[in-house]
Amino acid sequence: LETSVLFMKFLEDAAGSMCRQMIERDLAENTQVLIPEEGTEPAHLTDLLARFHSRSLSIDHPDVQQWIWLYESAISMTDDQSEVWHTVCVALMRHPDFYTY
């Protein structure tokens, strides 16, 4: 029961498309489904983990800390919040906890 290369290709394409649409909706409708208010990023990551992976974790949980690290790494590469949250969103969808949920 392993994922195939073809499945991962389709998942990558779908994740890129869906995350881009979520970001565009957040920006157009001024919602915070994917892009949160500034200063609420760690709490927002725990919310996204609950939505995408059905895992309710505290902010200090080691698994949440890995996602915070990813977010901070993306921030260090670009100041564009859309790109940062696109990176996080795609990673959430490519994670096995997403597609085995």
Side-chain angles (χ1 to χ4, degrees):
L1 296 174
E2 296 179 20
T3 58
S4 69
V5 173
L6 184 61
F7 174 80
M8 292 306 294
K9 164 72 170 112
F10 286 138
L11 181 65
E12 181 76 25
D13 291 347
S17 176
M18 290 303 301
C19 291
R20 184 69 54 208
Q21 290 176 31
M22 290 172 69
I23 288 168
E24 288 172 2
R25 185 185 63 206
D26 272 1
L27 295 174
E29 299 176 9
N30 199 23
T31 59
Q32 285 132 9
V33 174
L34 196 56
I35 302 174
E37 290 182 29
E38 189 173 334
T40 64
E41 292 85 358
H44 188 67
L45 285 167
T46 62
D47 291 342
L48 291 177
L49 284 168
R51 287 182 188 183
F52 283 72
H53 298 173
S54 189
R55 298 185 70 201
S56 296
L57 304 170
S58 64
I59 291 175
D60 60 345
H61 191 279
D63 289 348
V64 175
Q65 294 303 310
Q66 293 175 350
W67 291 100
I68 291 171
W69 175 86
L70 174 65
Y71 167 77
E72 290 173 350
S73 296
I75 281 286
S76 71
M77 301 297 283
T78 181
D79 290 331
D80 183 355
Q81 288 293 309
S82 297
E83 288 302 316
V84 169
W85 287 102
H86 184 267
T87 300
V88 172
C89 179
V90 169
L92 285 165
M93 287 188 175
R94 292 190 69 220
H95 194 280
D97 286 349
F98 177 78
Y99 58 82
T100 58
Y101 168 58

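What you see below is based on every heavy atom in this structure, not just the backbone, and it leaves out hydrogens, waters and symmetry mates.
Atom CG in Leu45 sits 11.0 Å away from atom CZ in Phe52 (nearest 0.5 Å). In this structure, the separation between CE on Met93 and NE2 on His53 is 9.0 Å, given to the nearest 0.5 Å.
Among pairs with a residue in residues 6-15, those fulfilling side chain to side chain donor-acceptor pair (under 3.5 Å) read Lys9-Asp13, Glu12-Arg94, at least two apart in sequence or across chains.
Considering only residues two or more places apart in sequence or on other chains, Glu83 meets the side chain to side chain contact (heavy atoms under 4.5 Å, CB included) condition with Arg20, Thr78, Asp80. For the side chain to side chain contact (heavy atoms under 4.5 Å, CB included) test, no residue two or more places apart in sequence or in another chain qualifies with Ser76. Applying the side chain to side chain contact (heavy atoms under 4.5 Å, CB included) test to His61 and every residue at least two apart in sequence or in another chain returns Arg55, Leu57, Ser58, Asp63, Val64. Listed by chain and residue number, nothing satisfies the ring-ring contact (aromatic ring centres under 6.0 Å, His included) test with His86 (two or more places apart in sequence, or in another chain). Looking at residues two or more places apart in sequence or on another chain, you find no ring-ring contact (aromatic ring centres under 6.0 Å, His included) involving Phe10.
For the pair Pro42 and Ile59, the tightest heavy-atom approach, listed with the atom from each and the gap, is CB-CG2, 4.0 Å. Taking both residues in full, the closest heavy atoms of Ile35 and His44 are given as N-NE2, 4.4 Å, listed atom of the first, atom of the second, then distance. Closest approach of Ala91 to Leu70, counting heavy atoms only: CB-CD2, 3.6 Å. The two residues Trp85 and Ile23 have their closest heavy-atom pair at C-CD1, 4.1 Å. For Asp26 against Leu34, the heavy-atom pair with the smallest separation is OD2-N, 2.6 Å. When all heavy atoms are compared, the tightest approach of Leu92 to Phe98 is O-CB, 3.2 Å.
Val84 is listed as a side-chain neighbour of Tyr71, based on a closest heavy-atom distance under 4.5 Å.
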Exercise. Could you walk me through whether Met77 and Ser73 pass the side-chain contact (heavy atoms from CB on, under 4.5 Å) check?
Worked result: CA-CA 7 Å; Met77 301 297 283; Ser73 296; 5.8 Å; no

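Listed for the Thr46 side chain is a donor-acceptor partner under 3.5 Å among the backbone atoms of Ala43.
Follow the hydrophobic side-chain contacts under 4.5 Å out from Trp67 and you reach Trp69 in the same cluster. In this structure, Leu48 is a member of the same hydrophobic cluster as Met18, with clusters built from ILVMFWY side-chain heavy atoms closer than 4.5 Å. Cluster membership check: Tyr99 does not share its hydrophobic cluster with Val90, using side-chain heavy-atom separations under 4.5 Å among Ile, Leu, Val, Met, Phe, Trp and Tyr.
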